[in-house]
Amino acid sequence: MGDFKFHGVDVTKLAREYGTPLYVMSEDEIVLRIREVKRCFDEKNERCSAFFSSKSFLTKDMLRILMREGMGLDVVSEGELFLARQMGFPPEKIAFHGNSKTDSEIAAGLDYGVGKFVCDSVGEIEVIDRMAKERGAGRANVLIRVTPGVDAHTHKYIATGGAGSKFGIPIEAVKDAVTLCGALDNVSLCGFHFHVGSQLMDNSTHIEALGVILNLIKKTRDELGFETRILDMGGGFGVRYTKNDAPQDIEGFIGGMTDYAEGFCRSNVIARPALVIEPGRWIVSGAGITLYSVGSVKRLPGGAVYVGVDGGYPDNPRPALYGAEYEAIVANKADLPPAETVSIAGKCCESGDILIQGIDLPEAERGDIIAVFSTGAYCHSMSNNYNKNPIPAVVMIKDGTPRLSVRRQSYEEMFSGNI
Ligand SMILES: *Cc1c(COP(=O)(O)O)cnc(C)c1O
């Protein structure tokens, strides 16, 4: 038959057994990608380590995989830290990010003993110093997130390194921040962090930012005597969502960055800091698909065709948020050639809730199963209850065997906080 198989599993059977919408992830693919990043970075160079950006996909199973593979974790909220803590994730392998951390978040990070805080403002450094003192937590390790002032070639909603960004401390203000850290007794400044943006197709922006930050490292050493021990170069390594995307291979992407840093340090006689990268999307995006059932199919007099599905904005807000593009198939008609150009419409009461605009598919009808590809990153983690749709389940496939990883949210759970 023409049923599509994902990592050896007939997805129409998964749709029948677990219902739709359904996130399907391949554990094998996630592990493969973690190992590939480690091979190209951690294992290729001295003092290099990759941290997984948990905001891209965070579940208990994901944490189990990361712990097994020995990869560190970036968190940006108390919620992400909560799950990591519940799973006993080693605190020293956690970095706490975020541009507007609350007191409660800082307290949670200090109490769990996270390896480092990535500080996004001077005010935050002072708060961490005060709270670390109050709690007798010892010196908190901090990195200063620097806004390198370079513009990434990506959607403006996922570009983060340009001058005027809401993220980071402007490069002109970094010297004072370093001096401040030196005067505080309860923080220990380990170095710097930058993250230029997400879904970048090549490393040119990263290299440009690296140049800026390495010069800063040289300057703070020469002028303030500060030795940078850690340089965190962020994430943002692009993936292929559609045939229009042609990302640089990961080995070249990351290898180019490491080589550049090594070269700069050698020629400027600086001890190379330990290097960190923070991939999220690259690890999980291609490891996931989302399954939907077709509801209504509308063929309009003008020729437009809408294939309506039972999900959309609640399980994947990215197309509505910044025009993200995806590819899809009719999973139970995988052997049929395309018959018409359609738009796959989400079920929410927003005209912008269109999952895919203009895709060639075989004729779809009610009850067909649509599989949308490369939804492993920023879909489950961005899911929401708009129109009171429950968060879909996650099925994890390992060695050709599927298992339930996250249960579908029940209506009782959805409304459990209502008094
Ligand atoms: C989002 C984010 C990442 C991960 O970005 P990807 O594009 O998923 O690799 C890494 N570092 C920081 C600081 C981020 O905000």
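Order of appearance sets the numbers: ligands from 1, and atoms from 1 within every ligand. When reading the values below, keep in mind they use all heavy atoms of this one structure, side chains included, and skip hydrogens, waters and symmetry mates. Note that the structure is predicted; figures quoted are calculated from it, not measured.
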Query - Main-chain N/O of G252 paired to D249 side chain as donor or acceptor, under 3.5 Å - result: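 Such a contact is found between D249 side chain and G252 backbone.
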Query - Pairwise side chain to side chain donor-acceptor pair (under 3.5 Å) hits with a residue in residues 395-407, at least two apart - result: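 Applying side chain to side chain donor-acceptor pair (under 3.5 Å) to every pair that reaches into residues 395-407, excluding sequence neighbours, yields E27-R403, D61-R403, D61-S405, R407-E413.
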Requested in this report: Report yes or no: do K347 and N387 form a side-chain donor-acceptor pair below 3.5 Å?
Outcome: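 Their side chains do not contain a donor-acceptor pair, so the 3.5 Å distance test is not met.
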**Report entry** Donor on one side chain, acceptor on other, D310 and T20, under 3.5 Å
**Finding:**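 A pair is found: one side chain offers a donor N or O, the other an acceptor, under 3.5 Å apart.
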Does ligand 1 have any N/O atom under 3.5 Å from a protein N/O, and what are those pairs and their distances?
unit_1   : atom_1 : unit_2 : atom_2 : d
ligand 1 : 7 (O)  : S198   : OG     : 2.3
ligand 1 : 7 (O)  : G236   : N      : 3.4
ligand 1 : 8 (O)  : R281   : N      : 2.8
ligand 1 : 8 (O)  : Y378   : OH     : 2.5
ligand 1 : 9 (O)  : G236   : N      : 2.9
ligand 1 : 9 (O)  : G280   : N      : 3.0
ligand 1 : 11 (N) : E278   : OE1    : 2.6
ligand 1 : 15 (O) : K55    : NZ     : 2.6

Report task. Could you tell me how the ring of F373 sits relative to the ring of F4: parallel (under 30°), tilted (30 to 60°) or perpendicular (over 60°)? Result ->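 The arrangement is perpendicular - the two ring planes meet at more than 60°.
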Query raised in the report: Does the ring centre of F253 sit less than 6.0 Å away from the ring centre of H206?
Result: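 Ring centres of F253 and H206 closer than 6.0 Å.
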